[in-house]
Amino acid sequence: MSVTELFETKNVADDAELQFTTDGRLRHLLTLRGLKRQQMTDLLDRAETFLSPAGQPAVRSQALQRVTVGNLFFEPSTRTRASFELAAKRLGADVLNLDVNTSSRKKGESILDTIYTLQAMQVDVFVVRDASAGVPAYIARNVNDFVMVLNAGEANVSHPTQGLLDLLTIRQRKGSFEDLKVAIVGDIAHSRVARSASEGLLTMGVGDLRLISPEALAPEPQEFPGARILHNLKEGIRGADVVMALRIQRERIDSLDEIPGMDEYFANFGISHERMKLAAPDAIVMHPGPMNRGIEIESSLADGPSSVIVQQVTNGVAIRMALLEEVVKTMEKQ
Ligand code: CP
């Protein structure tokens, strides 16, 4: 049975419930679905306390002094993996980075046997990225009662810590969410970033959320209730306060013949200085990374004053510190 088949019977509605203890505290983070506005706000507020001015030493504590965090990235990552590692170390945790290329999964060991092996070595928190939908929830259903699971990117389904760091960045620049017009542009169909950002933004009260993509990269409308799906960038970007460009997820596209050539893509869906003239005058530009400069975003725009891309990366460490602290506190109270 393939890994995909293993998980296709899962009930996604349950994932949102699975992540809470019976008294409603966050134990695992699998998806932003099910998190209340106040829970997200508390995480953003806590993350703010882990930020220090540029050039000052990073904020540290010993909140995770007796905790072991295992990073299991079965898909490539720079930002998420490095920021989870730094977040855990800055909170005083032991950190294990499993090298998947030399791990026994390469010899056919099942994902659960890998988890049980590391659990036997007293890993308390598993940070998991995987190309197959359902893997983080599958692990969460099977770990010991005192172990926590954090989703670090799941197929095209969910990337909840990215969603939270995006919310933090928007709140820092815009103050609040209610009156914002947000445009997410690009390969929406294959994007876990778009899904988690949309879930977070709608929960925080954004009333005007636009998803703009070529027809071939559009999601099913029912996947994004509360958002408008558009195929014209000029229409979608007009008056936007926040413009988020997405990477084309080539690794998840079955046939590259179905998508426009890269020059055509940039001409129609690339975020450029020229296009940003249609957005609000103080609009910010976001990108989750890794970026394809000159395809999704004009290179000088990515490095310009309206870009918050570096701020997103900085916030990623703070959000992951807040989250690690929160789930460990939950388990200490059990
Ligand atoms: N944004 C994001 O998930 O980047 P990485 O793939 O580098 O972790």
Side-chain angles (χ1 to χ4, degrees), residues 29-32 43-44 47 69-90 95-101 125-133 135-136 149-170 172 182 184-201 211 213 217 242-253 271 284-293 295-297 299 301-303 307-324:
L29 182 65
L30 307 175
T31 170
L32 291 186
L43 283 168
L44 304 193
V69 175
N71 282 327
L72 278 58
F73 280 68
F74 300 111
E75 241 195 3
S77 168
T78 297
R79 281 145 284 270
T80 313
R81 179 175 161 150
S83 60
F84 263 115
E85 179 174 355
L86 288 173
K89 285 181 172 166
R90 287 177 186 168
V95 180
L96 167 80
N97 290 310
L98 188 75
D99 182 347
V100 293
N101 291 313
V125 184
F126 287 104
V127 177
V128 181
R129 171 172 288 194
D130 202 284
S132 297
V135 169
V149 179
L150 304 179
N151 183 344
E154 174 193 2
N156 68 346
V157 175
S158 187
H159 195 352
T161 55
Q162 179 72 44
L164 290 170
L165 76 87
D166 290 338
L167 291 180
L168 181 59
T169 310
I170 292 169
Q172 287 166 340
V182 180
I184 304 180
V185 183
D187 180 5
I188 310 285
H190 302 98
S191 177
R192 56 194 174 210
V193 173
R195 283 171 176 74
S196 288
S198 298
E199 288 159 1
L201 289 164
L211 307 174
S213 73
L217 299 175
V242 176
V243 179
M244 184 188 293
L246 299 174
R247 184 172 70 85
I248 297 180
Q249 314 280 310
R250 290 163 177 274
E251 68 276 22
R252 297 192 202 116
I253 296 174
I271 307 300
I284 57 170
V285 177
M286 308 179 77
H287 193 300
M291 277 185 280
N292 294 303
R293 291 172 183 259
I295 297 175
E296 302 126 14
I297 188 163
S299 188
L301 182 67
D303 301 325
S307 168
V308 295
I309 295 168
V310 173
Q311 194 173 338
Q312 288 175 269
V313 175
T314 301
N315 286 337
V317 180
I319 279 292
R320 286 157 184 139
M321 287 175 83
L323 176 64
L324 283 164

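We count ligands from 1, going down the list as the structure has it; atoms in each ligand are counted the same way.
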Please check this pair: side chain of Ser213 against backbone of Ala189, looking for a donor-acceptor N/O pair closer than 3.5 Å.
no
Provide the closest heavy-atom pair for Ile297 versus His287 in the form atom of the first, atom of the second, distance.
CG2-CD2, 4.3 Å
Which pair of heavy atoms, one from Ala194 and one from Ile184, lies closest together, and at what distance?
CB-CG2, 4.2 Å
How far does CG of Asn71 sit from CG of Leu98, to the nearest 0.5 angstrom?
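If I round to the nearest 0.5 Å, the distance is 9.5 Å.
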Is the NZ or CZ atom of Arg129 positioned over Phe73's six-membered ring, under 6.0 angstrom from the centre and within 45° of the axis?
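Geometry flag: not set, cation outside 6.0 Å or 45°.
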Neighbouring protein residues of ligand 1 - any heavy atom closer than 4.0 Å
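The 4.0 Å shell around ligand 1 contains Ser77, Thr78, Arg79, Thr80, Arg129, His159, Gln162, Pro288, Gly289.
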Who passes side chain to side chain donor-acceptor pair (under 3.5 Å) against Arg195, sequence neighbours left out?
Glu223
